[in-house]
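Each remark here refers to the structure printed beneath this line.
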Amino acid sequence: MCGITGWVSFDRDLTTEQRALDAMTETMACRGPDDRGTWSEGPAALGHRRLAIIDLPGGRQPMTVRTPDGIVAMVYSGEAYNFTELRGELAARGHGFTTDSDTEVVLRGYVEWGDAIAERLNGMYAFAVWDGRHDKLVMIRDRMGIKPFYMYPTPDGVLFGSEPKAILANPLVRPRVGLDGLRELFTMVKTPGHAVWDGMREVEPGTVVTVDRNGLRTRAYWRLETRPHPDDRDTTVATVRELLDDIVRRQLVADVPRCTLLSGGLDSSAMTALAARQLAVHGEKVRSFAVDFVGRTDNFVADELRTTPDTPFVHDVARLARTDHQDIVLDVASLADPAVRERVIRARDLPAGFGDMDTSLLLLFRAVRDQSTVALSGESADEVFGGYLQFFDERARTADTFPWLVQFARHFGDDAGVLRADLAKSLDLEHYIADAYHSAVTGVERLDGESDFEFQMRRMSYLHLTRFVRILLDRKDRTSMAVGLEVRVPFCDHRLVEYVYNAPWALKSFDGREKSLLREATRDVLPQSVYDRVKSPYPSTQDPEYGHALQEQVKDLVARPDHRVFDIVDREKADRAAHQSELSTQADRRGLERTLDLAQWIDMYDPELTLS
């Protein structure tokens, strides 16, 4: 796992731009604390920061292969879980290897198959190849968008990086955000390709982008397709289990300490239990980590979202799976610490977070990184198997909008409630969301003979797998890599995603509950308590002192009326929220977090805001 960056400029010799390349590369130091490297030749320059996972001494980058027709150079971030099979196939075709790394396999795979290597990979990856044989840059991103990848087209080429900060470090780029960028920040619609920063784009998941002297071209090598599902319930359950066993086996491969992130929910518990069973065969134990808050278990108050605390279920799994377990217990002072919030914003380059659920995630990852380099997560199982409340909420299912927005509004209020009235009018978020939704659902294919209800549920699954999951994957990647931790997501294996997506909803909820297929496929490794547990989201602190700490920080901010955040935020609303005697709703707290995030982002990035 690493950070990549680069620059292609067909009108200049980039060997004279080492200072700019170094600046871009160093922004990725958090993603790759173990090593750094740069390479440039003619119109191409590549930078790399490495987090060593496989073949620690042999996987240095940028990596090059010299061919009779020219040099091929690559920077690569991610893991190819099928690199052993690909290596054998390439060796049979005459390729020699000088390292044991998956990076060299991907590079030589490109030399052999060109950009068709993308279709052969199983994993999470974002990589760029400078093909000196044809003077072109090829950028490839994994199917689900697990690894981030950004680009910034220029008049004579392109800039690219794992994160926007790498591109923003180039002197050609100014940090500008216009109305469309703010619309993305305040809507949670995740428009494909949108990067918020003016002129910048995401390399979309499942695509190959080629840049040469004729311009930029994009080819999709994968998309979520509708197919018949002929398997009955027993066969489907058995197939899900076979896939999960294979996926976990592949994703446990590493030359560094591994662990699992355990929440006590079905997803992480199943993944942890399967990993424990596989490692036990080799005489190893799984290390597991969970996040908790001071006093939460003893003083827990149930609400609509969370009916039970996580810790008792976490411990049930740890006992049954015999993991080497540790609870990471956080206090209010850490959760509300502006320095921690600043680090989250720096990690994501945007004030687009989830308040204490982001700061706690960063603190969890930081504690885990002290003991492990690779962690397996249960992320994305809710999108794959249908685990969210909105899948069972008639209002969300029938709403003419993204279903998660219905639930979000119900529990957290209007995320744009902090905006100045004149800016809110200019943004017109209602129409922006409507346009984004209707654009998104046009990609859903209906199966011949599919009932209206089944198609409705297919559409919900499609939206979660192509929009919502990318919000969470970006959050997971950027927050974990900010502390140099690689987090793997077994439930995003494209084989599992394709298979379960096409299982009819009647199968996905055959027992009337969420994630029926996953529950049944892993029931033999789960404690009964977890098998019976109702879905509970990632935890959030219930300590009222957290809200009070936010209020004090907003009071300090309001006392600075010339702060640029008040070009966006309604100062009077912020002042009222800061002086409320009690924060009676999650929406109140959310508004304070949003205001503080925006202020810190402006302080850090000094963005040029175009608000009209």
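Each residue takes its place number in the sequence, starting with 1.
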Residues K190, D474: salt bridge by 4.0 Å N-O rule: no
Sole residue of F402, F385, Y388 in ring pair (Phe, Tyr, Trp, His ring centres under 6.0 Å) with H464: Y388
Cationic N near anionic O, under 4.0 Å, R343 to D358: no
Enclosure of Q456 CD (heavy-atom neighbours >12, cutoff 6.0 Å): yes
Test item: side-chain donor near acceptor, Y531 and E520, under 3.5 Å: yes
Minimum-distance pair of heavy atoms, taken over all atoms of L376 and Q251: CD1-O, 3.6 Å
Distance-minimising heavy-atom pair for H229 and T236: NE2-OG1, 2.9 Å
Contact check, side chains of L465 and M144, non-hydrogen atoms, under 4.5 Å: yes
Side-chain donor or acceptor of N502 paired with backbone N/O of R227 under 3.5 Å: yes
Y437 side chain reached by L463 side chain, heavy atoms, under 4.5 Å: yes
Test of ring centre spacing under 6.0 Å for W404 and F412: no
Expected output: side-chain T272 to main-chain S269 donor-acceptor under 3.5 Å: no
Any donor-acceptor N or O pair under 3.5 Å, side chains Y221, R141: no
No-hydrogen, no-angle side-chain donor-acceptor test under 3.5 Å, T218 and R201: no
Salt-bridge criterion met for R458 and E445 (N-O under 4.0 Å): no
Close side-chain approach of Y432 and L427, heavy atoms under 4.5 Å: no
Q407 versus H411, side-chain donor and acceptor atoms under 3.5 Å: yes
Sidechain N-carboxylate O distance under 4.0 Å for R31, D477: yes
Distance-minimising heavy-atom pair for L121 and R143: O-NH1, 2.6 Å
Shortest non-hydrogen separation from L244 to L274 and the atoms involved: CB-CD1, 3.9 Å
Pair T191-E184, side-chain donor/acceptor within less than 3.5 Å: yes
